[in-house]
Amino acid sequence: MTAMEIGADHATLYAILLFTIGLAGLLARREALMRLVSIEILFGAVILHLVSTSRLATPPANPALGEAMALIILLIALVTAAVGVAFPVASGDIADEEGATASPEDKE
Amino acid sequence: MRFLIFHAGAIAASCLAIVALTRRNHFSAVLFLGGTLMALAVSSLALGAVVLATAQVLLHAGGCVVLLLAGLLLSNERSDASRGRPGGGVIAGIAVALLFGAVLAVKITPLRENGLHAAPARIGALAAVLFRDETGSGVIFLSLVLVVILGAVAILGIKAATRSAR
């Protein structure tokens with residue numbers, strides 16, 4: 001590997017950094033939407049690691065396999081976001097939340 | 001060039017992720033998340049994963065729209081929404097510029113097998129892996145689940161909107 005080539009270890013470090021950021025957000029934020037955002041970041045880190053490993057691994061792996069797995073994870077991330085959105089909508093938390101934060105004058 | 005684009009994308013993704021998680025406004029958090037995911041797509045593109053980068057951009061754009069809808073439904077402060085928009089526009093602009101740079105970098109690369117002209121062959125290889133006998137049924141099942149769940153979300157969203165309109 002020359003100095004100006006992308007190394008697998010660099011990509012892994014970025015994936016670890018991104019995963020740590022997502023995990024910190026997941027543990028620190030309490031709102032459902034922010035937790036979903038954190039989970040999306042975690043998925044992003046996993047995808048980056050998968051792609052980089054399949055592309056830059058020695059001995060070389062099948063790059064299409066890594067891309068295929070990353071695509072499936074991408075779909076799962078979308079499903080997760082959809083389910084995460086569906087729960088508060090289905091349980092009617094919108095009305096509750098509005099009612100909880102509205103001032104007494106507004107409620108009257 | 002490819003090296004620089006990869007590092008720029010990964011560093012931008014990390015910085016935007018930190019910013020997204022420290023925002024209080026849900027709208028701008030989701031928009032920064034969009035920026036993060038686009039920067040990740042840039043990194044994937046720099047690694048040569050052309051098809052995956054395209055899918056990432058398209059699917060993550062859809063995912064961000066879903067999350068924005070959720071933010072719109074769950075948010076109580078309309079003034080915050082209008083405050084979040086200009087920042088989001090700047091982020092989207094930066095992401096598109098980065099993406100354009102990455103496409104150029106892949107296009108001018110001397111490695112023919114990694115360039116954009118190799119995309120049809122890449123799609124063929126990907127389809128061969130995805131729709132193989134062992135994985136094909138899984139992909140079809142996942143697609144069906146995705147369609148059902150997205151349909152359910154759409155119905156719930158319409159119901160909630162109708163309820164709030166009443």
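With a 4.5 angstrom heavy-atom cutoff, I21(A) touches chain B via backbone and side-chain atoms both. For chain A, the nearby parts of I18(B) are the backbone and the side chain; heavy atoms of each come within less than 4.5 Å.
Residues L26(A) and I16(A) do not share a hydrophobic cluster, defined by chaining ILVMFWY side chains whose heavy atoms lie under 4.5 Å apart. In the hydrophobic clustering of this structure, L13(A) does not group with L50(A); members are Ile, Leu, Val, Met, Phe, Trp, Tyr whose side-chain heavy atoms approach within less than 4.5 Å, directly or through other members.
Between I41(A) and L21(B) there is a side-chain heavy-atom pair separated by less than 4.5 Å.
A pairwise comparison of heavy atoms in L37(B) and E40(A) identifies CD2-O, 4.2 Å as the closest pair. For the residue pair S14(B) and L17(A), the shortest heavy atom distance occurs at OG-CD2, 3.4 Å. For the pair L18(A) and A17(B), the tightest heavy-atom approach, listed with the atom from each and the gap, is CD1-CB, 4.1 Å.
One distance of note links CZ of R24(B) with CE of M34(A); it measures 11.0 Å at 0.5 Å rounding. Rounding to the nearest 0.5 Å places OG of S43(B) at 12.0 Å from CD1 of I47(A).
Between H7(B) and Y14(A), the distance separating the two ring centers is shorter than 6.0 angstrom.
Among the candidates A11(A), A77(A), A15(A), the residue making the largest number of heavy-atom pairs closer than 4.5 Å to chain B is A11(A).
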